[in-house]
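Inspection log for the structure reproduced underneath, given as structure tokens.
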Amino acid sequence: MQILVVIVVVAAITFIAWWFFGKHDQGQSQAQVKGNSQEARITVNGGYSPETVVLKQGVPAKLVFNRLDKSNCLKEVVFKDFGISEELPIKQDKVIEIDTSKAGEYTYACGMDMFHGKVVIK
């Protein structure tokens, strides 16, 4: 019986470590350019999907977040490089404008810095 308990505990710890610290690839998406602006949609549900958004440099950009996950960790998104910290309401679009004047890779994360995404400007 003790061996079974140890196996269950080890499995639970492994799962928790994978869930919070593992790499969960959620794909990549190119923003849709319309006229002189671009927009990308990101679903927030146990992470960010797509995880990476590619934006065209010099074209005003909007990221539209839609949060389906009710966890407190994902209620906020933080773009340290842009000085942006915004709350994401449940099941509502939240538009965040991104400065695309400088090419590069910029990360963003949940308020607890456990879930991450990336914006690539080129």
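Given the structure is predicted, the values throughout are model-derived calculations rather than measurements. No hydrogens, no waters, no symmetry mates; every other heavy atom, side chains included, goes into these values.
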**OP:** Report the C-alpha separation of Glu86 and Lys94 in whole Å, then their side-chain angles, then the decisive distance to 0.1 Å, and conclude whether the salt bridge (Lys or Arg N to Asp or Glu O under 4.0 Å) test is met.
**Re:** CA-CA 9 Å; Glu86 294 283 339; Lys94 175 66 175 184; 3.1 Å; yes
**OP:** Would you please say whether a donor-acceptor pair under 3.5 Å links the side chains of Glu76 and Ser85?
**Re:**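 Result is yes, a qualifying pair exists.
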**OP:** Consider only side-chain N and O atoms of Asp99 and Ser101, and report whether a donor and an acceptor are under 3.5 Å apart.
**Re:**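 Present: a donor and an acceptor within the cut-off.
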Subject >> Spatial distance of atom CG (Asn45) from atom CG (Asn66) [nearest 0.5 Å] >> reply: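 Separation between the atoms: 9.5 Å.
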Subject >> Spatial distance of atom CD (Gln57) from atom NZ (Lys102) [nearest 0.5 Å] >> reply: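 Gln57 CD to Lys102 NZ: 10.5 Å, rounded to 0.5 Å.
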Which atom of [X] lies closest to which atom of [Y], heavy atoms considered:
X      : Y     : result
Leu74  : Gly46 : CD1-N, 3.8 Å
Lys122 : Val54 : CE-CG1, 3.6 Å
Pro50  : Ile42 : O-CG2, 4.0 Å

Between [X] and [Y], is there a donor-acceptor pair closer than 3.5 Å when you use the side chain of the first and the backbone of the second?
X     : Y      : result
Glu51 : Gly117 : no
Ser37 : Pro60  : no
Gln38 : Lys56  : yes
Arg67 : Leu88  : yes
Tyr48 : Cys110 : yes

Give the cluster check for [X] versus [Y]: same hydrophobic cluster or not, with ILVMFWY residues linked at side-chain heavy-atom distances below 4.5 Å.
X      : Y      : value
Val64  : Phe79  : no
Phe82  : Leu55  : yes
Ile98  : Val33  : no
Met112 : Phe115 : yes

**OP:** Would you please name every residue forming a side-chain hydrogen bond (donor to acceptor under 3.5 Å, both in side chains) with Ser71, sequence neighbours left out?
**Re:**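 For Ser71 the side-chain hydrogen bond (donor to acceptor under 3.5 Å, both in side chains) partners, ignoring immediate neighbours, are Asp69.
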**OP:** State whether Lys34 and Glu39 are salt-bridged, where the test is any N-O pair (Lys NZ or Arg NE/NH1/NH2 against Asp/Glu carboxylate O) under 4.0 Å.
**Re:**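 Salt bridge absent between Lys34 and Glu39.
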Heavy atoms, side chains only, cut-off 4.5 Å: are [X] and [Y] in contact?
X      : Y      : answer
Thr52  : Val120 : yes
Glu105 : Val119 : no
Ile84  : Ile96  : yes

**OP:** Could you walk me through whether Leu68 and Val44 pass side-chain contact (heavy atoms from CB on, under 4.5 Å), step by step?
**Re:** CA-CA 6 Å; Leu68 304 177; Val44 182; over 6 Å; no
Original post:
Would you call the rings of Tyr108 and Phe65 parallel, tilted or perpendicular, where under 30° means parallel and over 60° means perpendicular?
Top reply: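 Perpendicular, since the angle between the ring planes exceeds 60°.
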